[in-house]
Asks: 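My questions all concern the structure below.
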Amino acid sequence: MRIDVLTVLPGLLESPFSHSIMKRAQEKGLLEVHVHDIRDYSTDKHKKVDDYQFGGGAGMVMSIEPIARCIEQLKSERTYHEIIYMTPDGVTLNQQMCNSLSMTENLIILCGHYKGVDERVREIYITKEISVGDYVLSGGELAAAILVDSIGRLIPGVLNDETSALFDSFQDGMLSPPVYTRPAEYNGHKIPEVLLSGNAKQIEQWRYDMAVERTKNRRPDLLTDEIN
Ligand code: ADE
């Protein structure tokens with residue numbers, strides 16, 4: 001899978017893909033992340049990528065030309081499944097969206113900045129608008145990093161134990177049960193007895209029950225009718 005990220009702050013995206021699972025995914029050749037500096041596509045002598053709003057008002061707007069040039073260049077090289085714009089007014093990201101995006105081959109992600117992008121970028125190029133939550137970040141870069149990470153780890157072969165993504169919170173519409181490691185007792189706090197029983201069936205049932213209880217308590221909106 002190939003993901004091209006378009007940004008005016010490429011430095012912000014150096015670290016998130018250089019560690020742990022994202023690093024391994026790229027080393028294994030399962031994921032390619034290419035970060036493009038939108039400034040490189042500006043023809044202005046000062047490499048300007050933004051301008052004042054028509055109609056007045058505070059804040060700069062990202063201009064269409066450099067973004068269009070970058071997208072056109074990429075589109076001439078390969079076909080993209082989606083061209084995504086990270087924006088707080090997009091559809092809120094969830095696990096189902098991550099699952100389906102992880103099955104695509106090529107994606108472009110555009111990070112917004114300042115007051116946002118010229119609306120015509122959205123009209124002409126953008127096929128999906130995604131928010132990572134109801135709060136406003138300084139720019140789309142951290143949101144793009146969240147999206148790439150949440151998609152990248154789902155690509156088959158990326159996680160060591162392939163089944164582990166299947167048991168993530170949200171994968172089955174439920175939160176994950178609690179987990180414990182050694183010591184079995186810490187300052188008088190013992191782990192649940194069943195986990196030491198060696199009885200796989202009982203442990204599985206306990207994990208399921210805990211997942212249901214946790215979901216009921218914390219995210220009742222996730223529970224399907226059959227469990228309720
Ligand atoms: N850019 C700024 N805030 C954002 C958010 N919540 N989600 C996606 N992109 C953003």
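Just so you know, residue 1 is the first one in the sequence shown, and it goes up from there. Side-chain atoms are counted along with the backbone in the values below, which use heavy atoms only and exclude waters and symmetry mates. Just so you know, ligand 1 is whichever comes first in the structure, and atom 1 is the first atom listed for that ligand.
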Asks: Kindly print each ligand 1 N/O atom paired with any protein N/O atom under 3.5 angstrom away, one pair per line, or none if nothing qualifies.
Replies:
| from | atom 1 | to | atom 2 | distance (Å) |
| --- | --- | --- | --- | --- |
| ligand 1 | 3 (N) | Leu137 | N | 3.0 |
| ligand 1 | 6 (N) | Gly133 | O | 3.1 |
| ligand 1 | 6 (N) | Tyr135 | O | 2.8 |
| ligand 1 | 7 (N) | Val132 | N | 3.0 |
| ligand 1 | 9 (N) | Thr87 | N | 3.2 |

Asks: What are the two closest non-hydrogen atoms of Cys111 and Val5, and how far apart are they?
Replies: SG-CG1, 3.7 Å
Asks: Using the test salt bridge (Lys or Arg N to Asp or Glu O under 4.0 Å), find all partners of Arg214 that sit at least two apart in sequence or belong to another chain.
Replies: none
Asks: Indicate whether any N or O donor in one side chain lies under 3.5 Å from an N or O acceptor in the other, for Ser42 and Asp44.
Replies: no
Asks: Filter on side chain to side chain donor-acceptor pair (under 3.5 Å), then keep only pairs touching residues 136-159, sequence neighbours left out; what's left?
Replies: Thr7-Glu141, His113-Glu141, Arg153-Asp168
Asks: Will you find, in the side chains of Arg78 and Tyr80, an N or O donor that is under 3.5 Å from an N or O acceptor?
Replies: yes
Asks: Just to verify, what does Glu72 make a side chain to side chain donor-acceptor pair (under 3.5 Å) with, not counting sequence neighbours?
Replies: Tyr125
